[in-house]
Amino acid sequence: MMEKKDRIAVIGAGFSGIGAGYAASVSRGGTCTVFEKDATFGGLCGGFSVGGFHFDKAVHLSFAKEPLCQEIFFSVPHEVHQPESTNYKSGYWVRHPAQNNLRALPVEERIRIIEGFAARRQVDDVEVASYQDWLRLQFGDYFSEHYPEVYTRKYWGTRAEELSTTWCSGRIYQPSLREVLFGSYPDADASANVYYAKEMRYPKQGGYRAFVQRVAEQLDIRYGWEVCAIDTEAKVLHFTNGEQYAYDELISTMPLPELLPLVCDDEQVLAEAAQLAATSMALVSVGFRREIAPPALWFYVYDEDIPFARVHSPSMKSAWNAPQGKSSLQFEVYYSEEMPLAYNDGELQEKVLQSMERMGLAARDDVEVIDVRHVKYANVIFYQGMEQHRDVVLQYLASKGIHSCGRFGRWDYLWSHQSFVSGVEAVKRIED
C-alpha cells in the first residue's frame, strides 16, 4: 500500500539525517519522514550495551563550534574533557602529538628524529604529490617513516604514498624546530597543548547520540525500514518490508557505493563509484570488574604488531557508561580491501587481550565482558584523485533529484557536528 506524498523523505537517522529532519520539520515546520534500517537512531555515532556497560561506535567527543550545534548538543547535560591524549610506541608512552613531545623516548630515538627534522628539505625543493611527501616535508624522513606512516597503515588501511593531502589541513600539528627541541628535553616544562580543540564534550547519560536525542524524538522516524530500490522518475521509495513511499524531495545519507546501484544503470557512473573506498572497523569493547586507570581518555598505538590503532575509555567519558565501581576500554581495529583484517573474531579478541596486558593497561582476569563487532563504513579513504570520482557520482545523484549528505553521503571527512550541519544544508539546497 502506498502512503500519501510527503514533501521531504530522508534516508538514514544518523547525525546528518537527524540534521536534515530538524531543518525540514522542527526548524521550518514542514513535513518530513526519516527512514532508518536499524532499530534506533545515531548511525556511526550510535551505541550499544553489553552486560551493563555502554559503548559508542568509536571514541566520539564533540568540539562543535557552530552556534546551531552548540545550541542543540550542549543543551544536553554533559561532561567537559580536556583533549590530553597520549601515544604508545615500543613500550614508551609519549604525550600527543608525539612530534613535539619526544622527551619520553630513548635518547638515540630522540636524536634520530631531531636529525631527520633538521634535515628536511625546503618547500621549493619538493613536489608534494602525496601524503607521504607532506609528512616527510613536515617532520623529516625518520619520524615520518616510524610514526605517522605506520599509523596511516593502521588507521587508513593504506600506505601514505597513496593518500592525498586534501583531508589533513588543521588536523595534524606542524611544530617548529624550536618546539621539537624543547619537547625533547626531559627536564623542560611541559609544552603547551596544541590539540586542534581545547575542550571535548560528552553527554552525562545516554551515550554520544544523546546530543541529538531530543531532536530525534520530535521527528517521524520509521525504524526497520530499509530501502531496496528508488524510482527517481515516479519519486517512490521501495523498502524490504514490502512498503512503498512517495516523496516530493529526497535526502540520502546512504554510503555512495550502496546508494548508486539503487538508482543508476550507467556503467560509467557505476565505475566511478566503484573507485570509492573506505575503511571498516572492528570494535573490541571490554568491561572490567574493577576501576582501572588508563593513561589517558584516548590514545594512539604505533606498533604494527598490535592490531588496534586507537583506544579510549568509555567509563572516563562518562561514569554512566559503566556500572558503579567498574570501568571500560574500547579498542578500534581498522581494515580495508587493500589491507584486510588478519584475524577472525576469536583470534582478534585474544590478540587484543594479549596486547592489553603487554601495554600494562589491565590483566585479563579483570575482564568481565568482551564484545567484538564490525562497522562496515568507518572512514573515507582519500586516495589521490578520489574527489574526481566522488564528484561524478554526486553530480549524477543531483541530476536525479537526490540530495546527498553526511560523511558517507558526501564522501568526506566530516566530524559529527559537521555531519549534522550537512543535513541542514541539504534542506537549504532544496529550498534554494
Residue pair S25, Q218: steps toward the side-chain hydrogen bond (donor to acceptor under 3.5 Å, both in side chains) verdict: CA-CA 9 Å; S25 57; Q218 298 177 68; over 6 Å; no
Hey, what's the ring geometry for F382 with Y413, parallel, tilted or perpendicular (30° and 60° as the breaks)? tilted
Short side-chain donor-acceptor distance under 3.5 Å, N87 and Y151: no
Distance-only side-chain donor-acceptor flag, Q354 / E350, under 3.5 Å: yes
Is the F63-H417 ring centre distance short of 6.0 angstrom? yes
Would a line drawn from the ring center of F117 to the ring center of F143 be shorter than 6.0 Å? no
Has D231 got a side-chain atom pairing as donor or acceptor with E233's backbone, closer than 3.5 angstrom? yes
Answer yes or no: is there a donor N or O on one side and an acceptor on the other, between the side chain of R407 and the main chain of L414, under 3.5 Å? yes
Side-chain H-bond candidate by donor/acceptor type, E179 with Y173, under 3.5 Å: yes
Does Y92 have more than 12 heavy atoms from other residues, nucleotides or ligands lying within 6.0 Å of its OH? no
If we only count heavy atoms from C-beta on, is the M386 to W167 side-chain gap below 4.5 Å? no
Electrostatic pair R358-D303, nearest N-O below 4.0 angstrom: yes
Do NZ/NE/NH1/NH2 and the carboxylate oxygens of E162 and R159 come within less than 4.0 Å? yes
Under 3.5 Å, is there a donor-acceptor pair linking the side chains of Q330 and S285? yes
Decide side chain to side chain contact (heavy atoms under 4.5 Å, CB included) for L237 and L250; before the verdict, give the C-alpha distance in whole Å, the side-chain angles of both, and the deciding distance to 0.1 Å. CA-CA 9 Å; L237 299 175; L250 178 60; 4.0 Å; yes
Using the rule given for ring pair (Phe, Tyr, Trp, His ring centres under 6.0 Å), can you reason through F420 versus F15, listing the C-alpha separation, both sets of side-chain angles and the distance that settles it, and then say yes or no? CA-CA 5 Å; F420 188 91; F15 271 43; 7.1 Å; no
Scan side-chain atoms only and decide if Y245 and T33 contain a donor-acceptor pair under the 3.5 Å cut-off. yes
W93 vs Y88, ring pair (Phe, Tyr, Trp, His ring centres under 6.0 Å): CA-CA, chis, key distance, verdict: CA-CA 5 Å; W93 290 98; Y88 181 86; 5.0 Å; yes
Looking at side-chain heavy atoms only, is the closest gap between V421 and L68 below 4.5 Å? no
If you measure only the distance, is there a donor-acceptor pair under 3.5 Å linking the side chains of E272 and Q268? no
Is any side-chain N of the basic residue among K376 and E258 closer than 4.0 Å to the acidic one's carboxylate O? yes
E338 and T158: side-chain donor and acceptor closer than 3.5 Å? yes
Measure from the side-chain N and O atoms of Q70 to the backbone N and O of S75, and report whether any donor-acceptor pair falls under 3.5 Å. no
Will you find, in the side chains of Y208 and S416, an N or O donor that is under 3.5 Å from an N or O acceptor? yes
Taking atom types as modelled and ignoring hydrogens, do the side chains of Y202 and N321 form a donor-acceptor contact shorter than 3.5 angstrom? yes
Check whether any side-chain heavy atom of V311 lies under 4.5 Å from a side-chain heavy atom of V59, and answer yes or no. no
So with a 6.0 Å cut-off around CD of E217, is the heavy-atom count from everything else above 12? yes
Mark yes or no for whether K57, through its side chain, and G43, through its backbone, hold a donor-acceptor pair below 3.5 Å. yes
Salt bridge present between R136 and E149 (N-O < 4.0 angstrom): yes
For S404 and L394, run side chain to side chain contact (heavy atoms under 4.5 Å, CB included): C-alpha distance rounded to whole Å, both residues' side-chain angles, the deciding distance at 0.1 Å, then the answer. CA-CA 7 Å; S404 199; L394 290 176; 4.0 Å; yes
E108/R112 salt bridge by N-O under 4.0 Å criterion: yes
Report yes or no: is the cationic atom of R209 (NZ for Lys, CZ for Arg) closer than 6.0 Å to the six-membered ring centre of F211, at no more than 45° off its axis? no
Does L163 offer a backbone N or O that forms a donor-acceptor pair with the side chain of S130 under 3.5 Å? no
Does K89 make a cation-pi contact with Y147, if we ask for NZ or CZ under 6.0 Å from the ring centre and within 45° of the axis? yes
Roughly how far, to the nearest 0.5 Å, is the CG atom of D141 from the CD atom of E115? 12.0 Å
Lys/Arg-Asp/Glu bridge criterion (N-O < 4.0 Å) met for E79, R201: no
Check: N379 main-chain N/O paired with T279 side-chain donor or acceptor under 3.5 Å: yes
So, do M316 and W298 sit near enough that their side-chain heavy atoms are less than 4.5 Å apart? no
Is there side-chain contact between I172 and Q99, with at least one heavy-atom pair below 4.5 Å? yes
More than 12 heavy atoms of other residues, nucleotides or ligands under 6.0 Å from CZ of R178: yes or no? no
Assign the ring pair F239 / W225 to parallel, tilted or perpendicular, where the plane angle (0 to 90°) is split at 30° and 60°. perpendicular
Think R7 forms a cation-pi with Y247, using NZ or CZ under 6.0 Å from the six-ring centre and within 45 degrees of its axis? no
Using a strict threshold of under 4.0 Å (side-chain N to carboxylate O), is an ion pair present between K317 and D56? yes
Tell me, yes or no, whether the heavy-atom count around N344 atom CG, taken from other residues, nucleotides or ligands under 6.0 Å, exceeds 12. yes
Can you tell me if R120 uses its side chain to pair, donor with acceptor, with the backbone of G116 under 3.5 Å? no
